[in-house]
Amino acid sequence: MISVDSKSDDNESLRFFCLGGGNEVGRSCHIIEFKGKTVMFDAGVHPGFSGLNALPFYDEYDLSKVDILLISHFHLDHAASLPYVMQHTNFKGRVFMTHPTKAIFRWILGDFVRITSIGEGVSATVYNDDDLADAFDRIETIDYHSTLEIDGIKFTAYHAGHVLGAAMFFVEIGGLKVLFTGDYSRVKDRHLYSAEVPPEKPDVLICESTFGIATFENREEAENRLTRLVHGAVSNGGRVLLPTFALGRAQELMLVLDEYWSENPDLENIEIYFCSALARKCMTVYKTYVNMMNEEIRRRFKTENMNPFNFKYIKTLRSLESFEDFGPCVVIASPGMLQNGTSRELLERWAPDPRNALIITGYSVEGTMAKTILTEPLEIPSSNNPDIMIPRRLSVDEISFAAHVDYEQNSQFIDLVSPKNIILVHGEINPMGRLKSALLSKYAKFRKTKREVKVFTPRNCDDLRIQFQGMRVAKALGNIAEVKPKPGDIMTGVLVSKNFDLNLLKVDDLREFSGLTTTVVKERQTIRITSGRDLMHWHLSQMFGYVEVLHDNEEEFELKVMNDVTLTLEKDICTIQWTSGLINDTIADSVIAILLSVDSSPASVKMTSRIHSHDHNHDHNHDGEVKVEVKTEEVKEKEKDIKQKLLERHGDSSIETRVHRIIGLLRAQFGESFSTNSERTGGIVKIGPTEAKINFMDLTAECSSNILKIRIEQIMNRATDLAAPLAQKTKVM
Ligand SMILES: [Zn+2]
Ligand SMILES: [Zn+2]
């Protein structure tokens with residue numbers, strides 16, 4: 001690695017802008033800007049608000065700036081406003097998520113649109129089914145552990161635990177590395193991988209802080225407490241309600257309960273229902289993506305040939321219409337926070353009976369019924385008619401199966417990732433504040449050292465900027481890397497910048513390592529032509545054999561000579577363009593020389609009787625006469641100028657260079673059919689049985705075919721026309 005001196009500019013600061021999910025849980029949406037690139041993470045809604053109020057603060061940011069939007073997982077607080085962003089704002093970036101997230105996203109949001117448009121019209125005013133379908137088609141997918149690069153933004157997806165399809169995104173822009181955790185979990189549960197630690201260390205970690213400094217009971221204890229509670233309630237004739245989001249924790253709870261039922265025969269007659277309009281679709285998705293789940297699930301799937309999501313004791317219900325509520329049972333129903341829908345309906349129905357039990361297993365957002373009922377109020381309002389209060393006598397318990405991290409898991413993960421800057425998001429103000437203090441005191445020992453850790457807790461729409469040193473680093477590639485420099489040595493080479501990556505190369509290595517060549521300079525020359533298309537074509541063909549006609553119509557006439565020299569004729573102005581290089585320069589120069597002489601050439605006059613067989617109506621009239629224009633003084637001056645330049649370019653070249661040029665031109669003409677002798681004083685052109693012996697020194701060719709002989713000599717003469725007379729000089733030698 002070589003450090004490159006460069007003036008640090010204002011672009012070296014990372015801008016972080018929270019449109020939602022800052023000091024709150026819900027409507028996650030975060031923006032990072034660095035070196036003119038913009039990445040957005042997530043586009044959620046807030047479950048505690050409705051309608052447009054539930055959206056992130058999209059009006060506070062120019063979404064047309066966003067290059068890519070990465071969706072961490074399918075939960076509504078991370079993905080539900082995506083159709084709105086894509087269909088109803090000036091956003092025009094690309095959207096990525098994992099395959100399972102995309103598959104599930106479609107069903108979930110379909111359900112979201114349906115449920116909320118029945119109720120308060122939350123999303124009905126925000127987007128509809130058509131928006132969803134249109135947006136869905138434009139979503140691109142990314143595999144776990146694969147890295148995509150778009151316009152200099154590199155990003156990789158890693159397992160985040162949490163729910164099926166959840167991803168952490170490791171993003172790199174211009175050398176700056178950012179890791180966004182999304183919601184993540186480090187506990188290995190029954191079906192998911194736990195969150196991975198990416199192999200590279202980020203400069204900035206954007207991290208969830210949902211549970212602040214809380215400590216979860218361990219997984220085994222939580223499972224035991226759950227099964228004991230459920231078993232107790234149903235044995236007592238009670239009904240158990242487990243409100244969860246339809247996907248994710250629901251399936252995990254089902255895995256736990258199905259196993260427990262199979263171990264407890266006395267429960268055989270007690271039904272477990274999974275009630276959701278999405279139930280069947282959800283199960284299909286889970287069965288489909290078994291290969292994305294952890295080893296244990298895949299092992300069972302493979303060796304026991306059983307899909308763990310083919311449950312023995314769990315029945316699916318589309319809605320409560322088909323539910324026969326006769327006695328003890330367990331119902332897993334969405335939504336998880338009891339805002340409305342099935343879980344709310346069952347809560348209101350079962351709340352008055354003290355034998356019944358409510359178990360909250362996920363995180364409850366401020367402002368939702370799940371959060372309220374944890375305070376064990378004596379009455380709860382009916383969701384259909386808030387004036388009606390329903391007595392609450394059912395038991396309320398909270399057992400966290402939340403697939404988030406607690407303090408221990410979070411701080412351990414942060415240690416492993418060891419970022420210098422931590423931005424906390426996805427947390428209510430108090431838990432987040434406590435987490436910040438805990439982290440700061442943990443890293444207090446590094447204060448004022450190189451390892452100092454900064455922790456930020458920006459609110460929505462705060463403008464956070466983090467400065468980064470302006471030092472840039474270049475990779476030494478190719479021959480230049482062979483040298484082992486001492487620190488402080490200065491190395492010279494070509495600095496190639498591609499999407500922020502800097503590579504230092506020797507010029508000779510340019511093509512191999514960067515795909516660039518050293519001859520990409522485009523040359524252009526314009527001259528006035530009065531003799532028309534056909535003559536131009538004819539003269540060039542005489543010289544070069546085959547001239548490709550790219551366009552020949554009313555508006556344009558375009559020719560291509562020897563692969564890389566193009567001539568475009570507009571009215572009487574001919575533009576010659578080529579990529580500069582020794583051979584191309586020579587070809588272009590001969591083209592120019594030919595064009596300059598076309599008007600005055602006797603061949604032009606002779607040609608006039610032959611060319612009009614194919615009909616063109618420009619420059620020459622139909623009786624085959626060439627229109628002769630008198631060149632103005634100005635035109636003559638310009639031609640003199642061009643000729644002078646050609647002469648300067650070639651006149652001072654050594655004989656060796658000129659021979660090289662002739663060889664180049666003959667090779668361009670005859671390709672493999674042409675070869676030089678070992679002294680490079682002459683060569684041979686062999687076309688079929690015909691052979692021409694060429695002498696570069698006196699510019700002659702010997703050949704049985706007069707046509708070929710003349711053509712070769714013409715080529716050599718043309719080449720030397722441009723330069724000081726080669727033949728004369730060689731004679732002196
Ligand atoms: Zn989530
Ligand atoms: Zn979340």
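We number each residue from 1, following the sequence as shown. As the structure lists them, so they are numbered: ligands from 1, and atoms in each ligand from 1. Remember, it's a predicted structure, so these values are computed and weren't measured experimentally.
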In a check of side-chain contact (heavy atoms from CB on, under 4.5 Å) between Phe456 and each of Asn421, Val425, Ile206, Asp462, which one passes? Asn421

His426 near the Zn ion (ligand 2): N/O/S under 2.8 Å: yes

Atom of His75 closest to the Zn ion (ligand 1), considering N, O or S atoms: ND1

Per side-chain contact (heavy atoms from CB on, under 4.5 Å), Phe96 is matched among Thr141, Ile150, Ile139, Ile71 by Ile150

Do you know which of Leu257, Ile272, Leu394, Ile359 makes side-chain contact (heavy atoms from CB on, under 4.5 Å) with Val240? Ile359

Pair Phe169 and Phe41, ring centroids less than 6.0 Å apart: no

So, Asp406 side chain and Phe216 main chain: donor-acceptor pair closer than 3.5 Å or not? yes

Could you confirm whether His78 has any N/O/S atom lying under 2.8 Å from the Zn ion (ligand 1)? no

Counting backbone and side chain alike, does Asp183 bring an N/O/S atom below 2.8 Å of the Zn ion (ligand 1)? yes

Can you name the N/O/S atom of His162 that is nearest the Zn ion (ligand 1)? NE2

Below 2.8 Å, can you find an N, O or S atom of Asp77 next to the Zn ion (ligand 2)? yes

